[in-house]
Number of protein chains: 2
Amino acid sequence: MAAKRQTRAPVFAALGNETRLALVAKLCGGRPCSISQLTRGSKLTRQAITKHLRVLESVGIVRSVRRGRESRFEFDPQPLEGIKQYLDFVSEQWDQALSRLKSFVEE
Amino acid sequence: MAAKRQTRAPVFAALGNETRLALVAKLCGGRPCSISQLTRGSKLTRQAITKHLRVLESVGIVRSVRRGRESRFEFDPQPLEGIKQYLDFVSEQWDQALSRLKSFVEE
DNA sequence: CTAATATGCAACCTGGAGGTTGCTTAAGAT
DNA sequence: ATCTTAAGCAACCTCCAGGTTGCATATTAG
């Protein structure tokens with residue numbers, strides 16, 4: 001658990017941006033998309049979108065597969081499982097703290 | 001859902017840093033801590049820790065209560081619920097995409 | 001073959017994140 | 001009354017995230 005902490009912050013950071021959240025929302029629908037496709041419907045440049053995709057790719061949320069002249073990006077849910085576990089861990093700690101407080105007050 | 005998207009990125013971003021993750025891990029244990037307490041056991045300056053706490057506070061993960069000459073920070077799990085919901089939403093989309101693919105292949 | 005499309009690469013700009021130091025003020029401890 | 005500890009404020013520094021433009025290259029379409 002403690003060993004994994006160093007690897008989770010980058011995943012959170014990758015999600016800490018509206019544009020990237022929107023990309024994730026689009027790609028988790030299942031259909032792989034090319035960079036150009038992802039750029040249409042965004043106010044940003046293709047290069048800007050590309051950079052965001054590379055950030056997501058660097059933490060494994062997304063994977064790129066070259067297909068002819070276009071590179072298609074597809075979603076990978078695995079890194080998200082990791083941070084979900086972390087959030088559950090935090091919630092659990094908190095709940096336990098609350099129970100301890102409660103039993104302390106009751107006695 | 002779509003309306004909330006704009007408010008989740010900052011929460012993810014607040015967690016996208018090792019130091020802040022460590023602070024969260026400490027505070028979710030239930031015991032409120034002063035800035036000085038949180039600074040001991042870190043290699044950073046008190047002011048650096050303060051800045052990180054303000055970031056967490058700005059998204060509601062943490063709340064500060066003045067207690068005499070010290071300001072004690074306590075954890076608040078509520079914003080984390082929001083991003084958990086988002087992660088569940090993404091997973092659900094993904095699972096549905098997989099089922100669609102599966103039934104498409106099977107027919 | 002040529003034109004159009006999709007991407008890659010690199011330079012560049014700007015603002016803000018993350019950190020430090022120095023000084024001031026408030027509150028406890030002696 | 002004085003010393004010490006906790007915290008706030010502000011200036012400053014460095015580096016990188018996020019974005020742009022311009023040009024080069026690979027693929028596909030006509």
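Here is how names work: the chains are called A, B, and so on, in the same order as the sequence lines, proteins then strands, and each is numbered from 1. Every heavy atom of this structure was used, including side-chain atoms; hydrogens, water molecules and symmetry mates were not.
- For the residue pair A:Ala97 and B:Gly30, the shortest heavy atom distance occurs at CB-CA, 3.7 Å.
- Smallest separation of non-hydrogen atoms from A:Arg8 and A:Gly82: CD-O, 3.9 Å.
- Across the protein-nucleic acid pair, A:Arg54 atom CZ and C:dT7 atom P stand 10 Å apart, rounded to whole Å.
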For nucleotides 18-30 of chain C, 5' to 3', base contacts (B), sugar-phosphate-only contacts (S) and non-contacts (-) with protein non-hydrogen atoms under 4.0 Å give SBBBB----BS--
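- If you measure from atom CZ of B:Phe12 to atom C1' of C:dA17, you get 20 Å, rounded to the nearest angstrom.
- To the nearest 0.5 Å, atom CG of residue A:Leu80 and atom CG of residue B:Leu87 are 6.0 Å apart.
- Atom-to-atom, CG of A:Leu53 to C1' of D:dG19 comes out at 15 Å; the value is rounded to the nearest Å.
- At D:dA6, one or more side-chain N or O atoms of B:Arg40 fall inside 4.0 Å of OP1 or OP2 (strictly under the cut-off).
- In this structure, A:Leu38 places its CG atom 12 Å from P of C:dA6, rounding to the nearest Å.
- Between A:Leu27 and A:Phe73 the shortest heavy-atom distance is CD2-O, 3.4 Å.
- Under the 4.0 Å criterion applied to side-chain N and carboxylate O atoms, A:Arg54 and A:Glu57 are assigned as salt-bridge partners.
- Looking at B:Glu81 and B:Lys84, a side-chain N of the basic residue comes within less than 4.0 Å of a carboxylate O on the acidic one, giving a salt bridge.
- What separates CG of A:Leu23 from C1' of D:dG19 is a distance of 15 Å, to the nearest Å.
- Relative to the axis of its first five pairs, the axis of the last five pairs of the helix from C:dC1-D:dG30 to C:dT30-D:dA1 sits at 30°, rounded to 10 degrees.
- Between D:dA7 and B:Ser36, a contact under 4.0 Å exists linking OP1 or OP2 to a side-chain N or O.
- The local environment of CZ in B:Arg31 is sparse, with at most 12 non-hydrogen atoms from other residues, nucleotides or ligands closer than 6.0 Å.
- No donor-acceptor distance shorter than 3.5 angstrom exists from the side chain of B:Thr45 to the backbone of B:Ala48, with no hydrogens or angles considered.
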